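No hydrogens, no waters, no symmetry mates; every other heavy atom, side chains included, goes into these values. No experiment lies behind these values; they were computed from the predicted model shown.
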Amino acid sequence: MIARVALWAFLLVNLAVVQTMYALAGPPAHNTFGEAGRLLGLNLAFVMALQLLLVARLPILDRGIGMDKLTHWHRWTGFAIFWLAVLHPAFVILGFARYDRVSFLRTAVSLSRQLPVLLGVIAVALIVLVVAFSVRAARRRLSYEAWHAVHLLLYVVVVLGVVHQVYEGTAFTVNVWTQVYWWGLWAFALGSLITGRLIVPLIRNARHRLTVAAVVRESRDVVSVHVTGRSLERLNASAGQFFLWRFPSHQSWWQVNPFSLSAAPNGRSLRLTAKAMGTTSAGLRSLPIGSRVYAEGPYGAFTLAQRTCPGILLVAAGIGVTPIRALLEDPAIGSDVVVLYRVRSAADAVLIGELRNLARVRGARLRLITGRTGGRNQPFRPEGLASLVPDVAARDVYVCGPAALTRTVVASLRALKVPSRQIHAELFRLAG
């Protein structure tokens with residue numbers, strides 16, 4: 001709650017300041033189109049700074065809001081940047097074209113001969129490229145590794161955008177105070193990004209020196225990797241969280257994958273369990289014992305720290321069982337626990353033996369749900385969920401699995417009047 005209030009306060013206060021800066025800046029542009037272009041450009045720069053904060057993985061936002069919600073906001077902020085980046089130059093060019101009484105195209109060519117403007121045009125082109133690869137139709141055709149590589153172009157966009165502002169910015173050069181505010185805002189955003197994405201991970205990996213301790217095949221296409229290192233208790237990881245993993249023995253340095261912990265961290269080792277769906281996850285089966293591992297994290301608010309009720313319902317589907325299994329192992333979970341595990345067939349139930357043992361120890365109720373969805377087999381529709389767990393509205397519910405199933409469960413929970421504060425969902429999404 002505190003994190004959300006802080007983020008909204010930051011957004012609203014700075015939006016008000018930015019609009020005030022625009023109002024104070026003068027002289028006005030040649031016409032309405034030019035004025036609109038300048039206002040769009042100023043807001044574009046602000047939204048870019050906000051986007052840096054959303055992907056910086058600041059602990060207050062990550063643990064208070066959760067990476068899943070941050071990723072949702074990051075996506076929509078990205079589309080806002082796209083439209084601002086397209087409209088800003090369009091209105092500026094249109095303003096100059098109307099003032100000089102020449103064509104739009106001729107004005108665009110003339111302005112692009114200026115280096116700061118050309119850098120801005122290149123930044124816009126890169127933004128359009130990244131957004132094109134981020135729409136759902138294109139995203140489904142890309143591997144996670146390819147999608148992540150394309151997103152690295154956004155760092156180039158940030159550099160080009162800062163240079164463009166230095167030479168073309170006017171609204172924040174009204175006086176020394178506006179300059180201090182504007183560059184202080186960008187220094188905070190860039191500093192947060194560099195600290196969260198580079199400095200902290202480097203320090204943690206140098207301290208813990210993670211290595212592969214064991215590789216265990218759980219099934220034909222699922223593998224668990226056990227990782228050890230020094231002073232792992234200082235990571236302060238919790239069951240339900242995930243790390244960004246790099247395995248340099250079989251992938252490039254820029255390739256990174258988010259895998260949840262599939263066992264509650266004990267201060268001595270970490271375990272991840274993955275299904276062979278991409279280049280990295282498929283290659284985990286051949287990881288050499290003793291090879292170095294680089295990890296960023298822990299991240300995510302899918303933890304028992306978010307619980308509000310004594311009773312808990314854990315809902316897992318497919319490989320989404322990994323953080324659910326870790327939560328069930330957490331000693332803080334108590335005994336009033338129901339686990340629903342959805343798979344196509346019993347043979348697809350990864351870690352089912354461990355789940356049964358943990359359920360027995362915790363006194364939890366475990367229900368394995370198999371078969372094709374349809375007809376009477378609709379366990380996660382409101383009536384099906386109410387039948388399986390009659391007191392669902394009195395429980396915290398943790399849901400992890402494929403996006404379609406997760407959305408279905410969340411919609412059913414809302415139909416059953418489960419308060420939003422009791423619903424915790426993980427959709428395997430990642431900001432930045």
Which atom of V124 lies closest to which atom of P89, heavy atoms considered: CG2-CG, 4.4 Å
Audit row: L244, R57, side-chain contact (heavy atoms from CB on, under 4.5 Å) steps and yes/no: CA-CA 12 Å; L244 303 179; R57 295 169 190 153; 3.0 Å; yes
For A295 against L210, the heavy-atom pair lying closest together: CB-CD1, 3.7 Å
salt_bridge(E218, R325) N-O dist < 4.0 Å: no
Side chain to side chain, F247 and S291, heavy atoms closer than 4.5 Å: no
Within 6.0 Å of CZ in R292, more than 12 heavy atoms from elsewhere: yes
Contacts of V200 that satisfy side-chain contact (heavy atoms from CB on, under 4.5 Å) - sequence neighbours left out: T195, R204
Minimum heavy-atom distance R234-H208, with the two atoms named: CB-CE1, 4.0 Å
Minimum heavy-atom distance between Q422 and A393, given as atom pair plus value: NE2-O, 3.1 Å
Sub-6.0 Å ring centroid separation between Y398 and H424: yes
Any L119 side-chain heavy atom under 4.5 Å of Y167 side chain: no
Minimum side-chain heavy-atom gap L328-L366 below 4.5 Å: no
Within-4.5 Å side-chain heavy-atom neighbours: L235 and L270: yes
Heavy atoms from other residues, nucleotides or ligands near OH of Y181 exceed 12 (cutoff 6.0 Å): yes
Nearest heavy atoms of A85 and I127, plus distance in Å: CB-CD1, 3.9 Å
Nearest atoms (heavy-atom pairs only) where A264 meets D330: CB-N, 4.3 Å
Close side-chain approach of T406 to F380, heavy-atom, < 4.5 Å: no
Could you list the donor-acceptor pairs under 3.5 angstrom formed between side-chain atoms of residues 41-48 and any protein atom two or more places apart in sequence or on another chain?
from: N43; atom 1: OD1; to: Q19; atom 2: NE2; distance (Å): 2.9
from: N43; atom 1: ND2; to: L39; atom 2: O; distance (Å): 2.9

Test side-chain contact (heavy atoms from CB on, under 4.5 Å) applied to V117 and V92, step by step: CA-CA 11 Å; V117 176; V92 169; over 6 Å; no
Enclosure of R367 CZ (heavy-atom neighbours >12, cutoff 6.0 Å): no
Contact list for residues 301-311, test side chain to side chain donor-acceptor pair (under 3.5 Å), sequence neighbours left out: T308-D396
Partner of L327 under side-chain contact (heavy atoms from CB on, under 4.5 Å), chosen from L261, V337, L304: L304
Reference residue R395; test side-chain contact (heavy atoms from CB on, under 4.5 Å); the match among V418, V338, L314, L413: V338
Side chain to side chain, V17 and W182, heavy atoms closer than 4.5 Å: no
Enclosure of R230 CZ (heavy-atom neighbours >12, cutoff 6.0 Å): yes
Neighbour count >12 (heavy atoms, 6.0 Å) for atom CZ, F82: yes
